[in-house]
Amino acid sequence: MKFFVDTADIEAIADLAATGMVDGVTTNPSLVAKTGRDFKEVVGEICQVVDGPVSAEVTATDAATMLKEADVLAKIADNVAIKVPLTWDGLKACRVISKDWGREVNVTLCFSPMQALLAAKAGASYISPFVGRLDDIGEDGMGLIEEIRAVYDNYPALDTEILVASARHVSHVRDSALIGADVITLPPNVLRQLAGHPLTDKGLAAFLDDWAKTGQSIL
Ligand code: G3P
């Protein structure tokens with residue numbers, strides 16, 4: 001499973017990229033607004049730090065203007081993936097960007113398996129179902145991932161990757177991996193939590209204490 005980092009904070013991205021565990025980055029207008037910085041400048045910097053796909057979202061709502069914005073974003077760097085919302089205009093733009101331009105498209109704000117099927121038919125490279133926001137309203141976010149996985153697996157010709165988004169906890173990562181999602185995009189803090197376990201810390205401390213008692217040194 002690929003790990004993307006869900007932020008526009010260049011320092012956080014650079015820090016995590018150094019671990020070798022960052023396969024891409026996703027941004028959206030809210031994450032960019034949090035930085036207080038110029039959108040195109042931030043995307044350009046992120047594309048320098050991460051080799052993988054960097055999702056940059058259009059802000060227009062009509063297909064024609066989405067395509068004009070997508071042209072600007074695509075020119076920032078070859079690894080920019082254009083993010084469009086799951087609307088009919090977004091699907092129209094997705095089809096042009098993916099099939100005519102040959103550029104990657106991340107279709108976002110997905111909340112149903114039928115939306116995900118439409119995105120795949122439109123040539124989306126990635127579909128972004130928002131699991132956390134479904135959980136927030138008492139629905140089953142991971143259940144949506146299971147449904148999309150089942151639908152896509154019924155039609156091998158569809159090659160859209162399931163990119164789990166709005167992930168809030170390590171359990172979202174575990175469940176996504178068990179279901180077989182292709183990608184999960186994580187806030188920096190959640191990605192960092194993946195390596196941690198109290199028994200690992202406790203066991204390492206015990207190893208080091210016992211080693212210290214030997215008085216030996218490897219170097
Ligand atoms: O990639 C989408 C993600 O940023 C949304 O997360 O926590 O606002 O639902 P959240």
Side-chain angles (χ1 to χ4, degrees), residues 1-13 15-17 21-37 39 42-43 45-47 49-50 52-61 66 69-70 73 79-87 90-91 93-94 97 104-113 115-116 119-120 124-145 148-149 160-177 179 181-194:
M1 188 162 78
K2 287 176 269 189
F3 291 149
F4 289 3
V5 179
D6 193 41
T7 183
D9 179 331
I10 188 71
E11 282 76 26
I13 294 168
D15 190 39
L16 282 166
M21 289 294 167
V22 174
D23 300 304
V25 174
T26 51
T27 71
N28 61 44
S30 302
L31 293 172
V32 171
K34 276 181 189 169
T35 68
R37 295 189 56 196
F39 177 29
V42 168
V43 170
E45 284 181 22
I46 296 171
C47 289
V49 170
V50 173
V54 176
S55 290
E57 188 163 341
V58 297
T59 56
T61 53
M66 283 179 185
E69 291 181 345
L73 298 175
N79 56 324
V80 166
I82 305 297
K83 212 178 194 184
V84 298
L86 214 152
T87 61
L91 292 169
C94 175
I97 297 165
E104 286 201 329
V105 184
N106 178 357
V107 179
T108 191
L109 289 168
C110 172
F111 295 95
S112 81
Q115 284 182 316
S125 313
Y126 308 99
I127 183 67
S128 290
F130 278 34
V131 297
R133 295 193 188 182
L134 284 169
D135 293 348
D136 290 346
I137 62 170
E139 294 192 21
D140 181 4
M142 293 316 301
L144 172 59
I145 305 303
I148 296 172
R149 181 72 284 159
T160 301
E161 294 190 23
I162 300 172
L163 194 172
V164 178
S166 184
R168 308 270 175 78
H169 321 291
V170 170
S171 59
H172 281 149
V173 185
R174 179 199 62 215
D175 295 344
S176 297
I179 292 166
D182 303 285
V183 191
I184 189 163
T185 193
L186 298 169
N189 66 307
V190 177
L191 179 51
R192 286 207 165 282
Q193 287 168 21
L194 294 183

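Counting begins at 1 with the first residue of the sequence. One-based numbering, in listed order, for ligands and for the atoms of each.
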For the student: nearest non-hydrogen atoms of M1 and I184, plus distance: CE-CG2, 3.7 Å
Which atom of S55 lies closest to which atom of N106, heavy atoms considered: OG-ND2, 3.0 Å
For V105, the option from I97, L91, T160 that meets side-chain contact (heavy atoms from CB on, under 4.5 Å): I97
Sub-4.0 Å heavy-atom environment of ligand 1, residues by chain: D6, N28, L31, K83, F130, R133, A165, S166, R168
Nearest atoms (heavy-atom pairs only) where S166 meets V131: O-CG2, 3.6 Å
Minimal non-hydrogen separation, L86 against I127, with atom names: CD1-CD1, 3.7 Å
Short side-chain to backbone donor-acceptor contact, E161 and V183, under 3.5 Å: no
